[in-house]
Amino acid sequence: MLQQTGFTILKAVQFLNRHLGREGRRWALVMLAALLCVGSLGWWLRERSLEPSRAPRPFRVSEHKLPLKQGVDPKLVDSSNLIFEEACKRRNIPFELVKTEGDPVKAIMDGKIDLTQVIFDSPENRKRIYISEPWIVDSSWLVAPENTGIDSPAEVVGRRLWIQNNARHKFLAAQNFSGARVEAQDSADRAVEGVCLGLADAALIEPVTADSRAHFQGLAACAKVKLTFTGPPKGRIWFGVGGRKDAATKMAVVAIREEIGRMGEDGSLARIYSNHGLDPNNAVILLQDLNALRQAKLYMTIALGVLVLVLLALTWQGLRLRKARQRADKANAAKSEFLANMSHELRTPLNSVIGMTRLSLETDTAAERKEFLSIASASAESLLSVVNEILDFSKLETGKLGMEELVIDLCELVESSAKVFAFPAHQKGLELVCDVAPSCPRWIQGDPVRLRQVLFNLIGNAVKFTPSGEVRVLVAPRETDRGLMLEFTVQDTGIGIAEDKLAMIFEPFSQADSSTTRRFGGTGLGLAISRGLVQLMGGTIGVESSPQKGAAFHFTVPMHPLTAHSSWPGEALLGRALVVDDNATARAAVETMLRYWGLTVTTASDGESALRALDEAKRSGEAYSLLVIDSDLRGMDGFELASMAQSGYGLGHAIVMLLTSDKCTLTAVRCNELGIVAHLIKPVGRAELLASVRRVVYGAAEVGEPSLAGSKIMHERPPRSLRILLAEDNAVNRKLASTILQRAGHTVQTAENGHQAVEQVRSGEFDLVLMDVQMPEMDGLEAARVIRRDEARTGAHVAMIAMTAHAMSGDVERCLDAGMDGYIAKPFQPRDFLETIEAVKAKIEHDRSELPSAGD
Ligand code: ADP
């Protein structure tokens, strides 16, 4: 059994080890340790409670008086008392023997004693007291003449039954022979004699051994009778430990019984029985059986415990796996959806490129060809922007996206970003407002391209997901626990986002609702990229929204103002201005700007109230010098208002400026007709408003402030003709690059792999080598290394620029390490391509001129 349990445990441990992860194993160990701790604590508490010093008084034990076997001196102390005494001493359990009369169970119930060692085991008694396992189970036998056929209690019903005169036999008679006519006799011999003489039909006597059986048959033989012995009947005499049902006594019961078990094993029990002339086998064998049974039970419990542990661990593991699987399924579904979207996003412009180029090949009309090609070109641009988005995302994922630190004109950046969306916004009838708080610094430091990218995404989404109403772009400084930050907010009145989707939309490939994709398109990467970029800039991004109530996306970036140019220059413009716009936000934005420059500003939300204000001004003699009117006023529109103001309200010298939402030539014509001197497209930029006001109201020439924006970018040089070797394996790209180069006046030779490039550099003279990185036979990096090794011998240095589609930041380093002087990411715009070539050439020449000449 021990082996089997050990084997089960070993298997379980191996199983857990194989199937649980590290966390699972740790968890199982913790459980096991907890179980051991609880077990040890329980054991310790029990032992402690049994210490003599803790017992309130010695346990009172009933003194058993019944001799177990006939013929033994009744004055001898009963063996069960001795057994009890020894067990208590061995366990240090304080006790005293107390003489009681009658049923010891009753004595316990009456509070006369605490423990007893001989009990009638019956369900009733088990209800009344706590009863341990026995160390002897005993019963009595039914004796009857052989020919009467009496061998069960049923046969004795209504007959005479003689029993030994003691509590035990009375109990058994009451339990089993309630229908018999019972008569108690002094001894077993007397009862059997009665049967032999026919005075009784049967006798109930104490256990029969081989010796006593022969003795009784001897008695019967005298009366010429043969006896049958049937037994033992139901109802057992229990030599165990019984005790009151309180916790302390219960523990004593268990401890004493445990000790008696040990006495059975070490021979003490057998010794006591032998001293009393009793047969020890009965008790010792039973004890051994019971011990074995108990051990089996213990092993079973341990094995069961381990199994439960395994089951729990497996269930836990299963739950974890299911969760992981659900997560993986979700990610998989999102990726599949993303692939489907992406494929759609790529295919649409690609189809258009293919279709339009085919059409342009088929048409003979130059005008049509131009139109087809311009559509193809626009589609290719949009294709490129999707690819760029994927590229940006993967750069962010791999931590390969670097940030530049340039000077940024904050207002210009925000306003020009918003202006890009003016046309689609106006087409939908949306009001697009830009409001950069005057307290913002004018110049900040950062990466303008990345900041613009985030703004593009947020404003683009706002316009895309807003069917009517307005989109506001707000910028203001904010004190946060990370220091002074600039907070950008893009607020719209569009379809909004459900609360449970708010966190998800920043995850890559996730869209709030897949039907969104069908309606609006998109890859679900924009916000993930924006979040990554904002975090790289050291800020945070978030959103507040509820369905149909619009959304407000906001992000922060550290302020880093350039202190010398930290705020907007104030203007000392004098006079009064009237701003008329039915959109409160747009009105407030213009009002703030004009006030900042010193003008006294009145506002009106419609044509009528504007006319009233003009009237009042005329009467009070404080005429307006400037009227800024929104062209799309509800009711009386801006043109009408301008014309009425000029005809009936004596505008005097007031200048009228119109804010319009389109660039339509008709607007310009109408403005001319109405004498409106300036019209600006909404959203109105701060710089352009100031310039217009200065020009049209105060007649000032446009004084360009020295621009610091992008001040790291330098050198504009006239292009010159270069001898260029173009190494590129792809025929189309080769054609494209050489056409661009030739059109720019350069001479081009081509190579199709690294080997050819090396050979041509060895045999020819070039000002520049354009080297594709990925080429068959010998790649561009290897070719560059070979060329540089050759040059180490000759001292020459040809300018070399790498061209690759792997636009990761690590790639730049790899190219430079291989000996390249510069780097161009594919696909490239012709202008950027030529500019990079110029810049690299110029840099090499500049470096060379700085080297000391041989004569120095
Ligand atoms: P895309 O716009 O390419 O799907 P984004 O990452 O930019 O990807 O946006 C993810 C999703 O967030 C969008 O598909 C849309 O469900 C939701 N979303 C973004 N901006 C807005 C907005 N202003 N109003 C409502 N939903 C928006």
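Counting convention: from 1, in listed order, for ligands and their atoms alike.
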*Asks:* Counting from 1, what ligand 1 atoms have a heavy atom of Gly526 closer than 4.0 Å?
*Replies:*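 Counting from 1, the qualifying ligand atoms are 5 (P), 6 (O), 7 (O), 8 (O).
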
*Asks:* Would Ile495 count as being in polar contact with ligand 1, using the rule that some N or O on each side must be under 3.5 angstrom apart?
*Replies:* no

*Asks:* Heavy atoms only: which of Ile505, Asn457, Asn461 lies closest to atom 20 (N) of ligand 1?
*Replies:*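 It is Asn461 whose heavy atom sits nearest to atom 20 (N) of ligand 1.
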
*Asks:* Provide the number and element of each atom of ligand 1 under 4.0 Å from a heavy atom of Lys464.
*Replies:* 2 (O)

*Asks:* Would you say Phe465 and ligand 1 have an N/O pair spaced under 3.5 Å apart?
*Replies:*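 Such a contact does not occur with ligand 1.
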
*Asks:* Once the angle between the rings of Phe488 and Phe555 is folded into 0 to 90°, is it parallel (under 30°), tilted (30 to 60°) or perpendicular (over 60°)?
*Replies:* parallel

*Asks:* When the aromatic ring centroids of Phe421 and Phe456 are compared, is their separation below 6.0 Å?
*Replies:* yes

*Asks:* Under 4.0 Å, heavy atoms only, figure out whether ligand 1 is touched by the backbone of Lys501, its side chain, both or neither.
*Replies:*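 The answer is neither.
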
*Asks:* Examine ligand 1 and decide if any of its atoms is less than 4.0 Å from a heavy atom belonging to Gly496.
*Replies:*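 A heavy atom of Gly496 does come that close to ligand 1.
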
*Asks:* Give the contacting part of Val490 toward ligand 1: side chain, backbone, both or neither, where contact means a heavy-atom distance below 4.0 Å.
*Replies:* neither

*Asks:* So, Ser530 versus Asn457: side-chain donor-acceptor pair below 3.5 Å or not?
*Replies:* yes

*Asks:* Tell me whether Glu487 is salt-bridged to Arg478, with the criterion being a basic N under 4.0 Å from an acidic carboxylate O.
*Replies:*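 Counted as a salt bridge, because a side-chain N and a carboxylate O are separated by less than 4.0 Å.
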
*Asks:* Do the side-chain N and O atoms of Thr466 and Thr493 include a donor-acceptor pair separated by under 3.5 angstrom?
*Replies:* no

*Asks:* Which of the atoms in ligand 1, numbered in the order shown and given with their element, are less than 4.0 Å from a heavy-atom of Phe553?
*Replies:* 19 (C), 20 (N), 21 (C), 22 (C), 23 (N)

*Asks:* Can a donor-acceptor pair be found between the side chains of His554 and Glu544 at a distance below 3.5 Å?
*Replies:*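 Per modelled atom types, His554 and Glu544 side chains form a pair under 3.5 Å.
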
*Asks:* Would you say the side-chain atoms of Glu470 and Asn583 include a donor-acceptor pair closer than 3.5 Å?
*Replies:*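 Distance-only check passes for Glu470 and Asn583.
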
*Asks:* Which option wins on minimum heavy-atom distance to atom 25 (C) of ligand 1: Ile497, Thr466, Val471?
*Replies:*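 The option holding the nearest heavy atom is Ile497.
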
*Asks:* Answer yes if the side chains of Asp447 and Gln453 hold a donor-acceptor pair under 3.5 Å, and no otherwise.
*Replies:* no

*Asks:* Check ligand 1 against Leu525 and write out every atom of the ligand that is under 4.0 Å from a heavy-atom position of the residue.
*Replies:*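 Near Leu525, the atoms of ligand 1 are 6 (O), 8 (O).
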
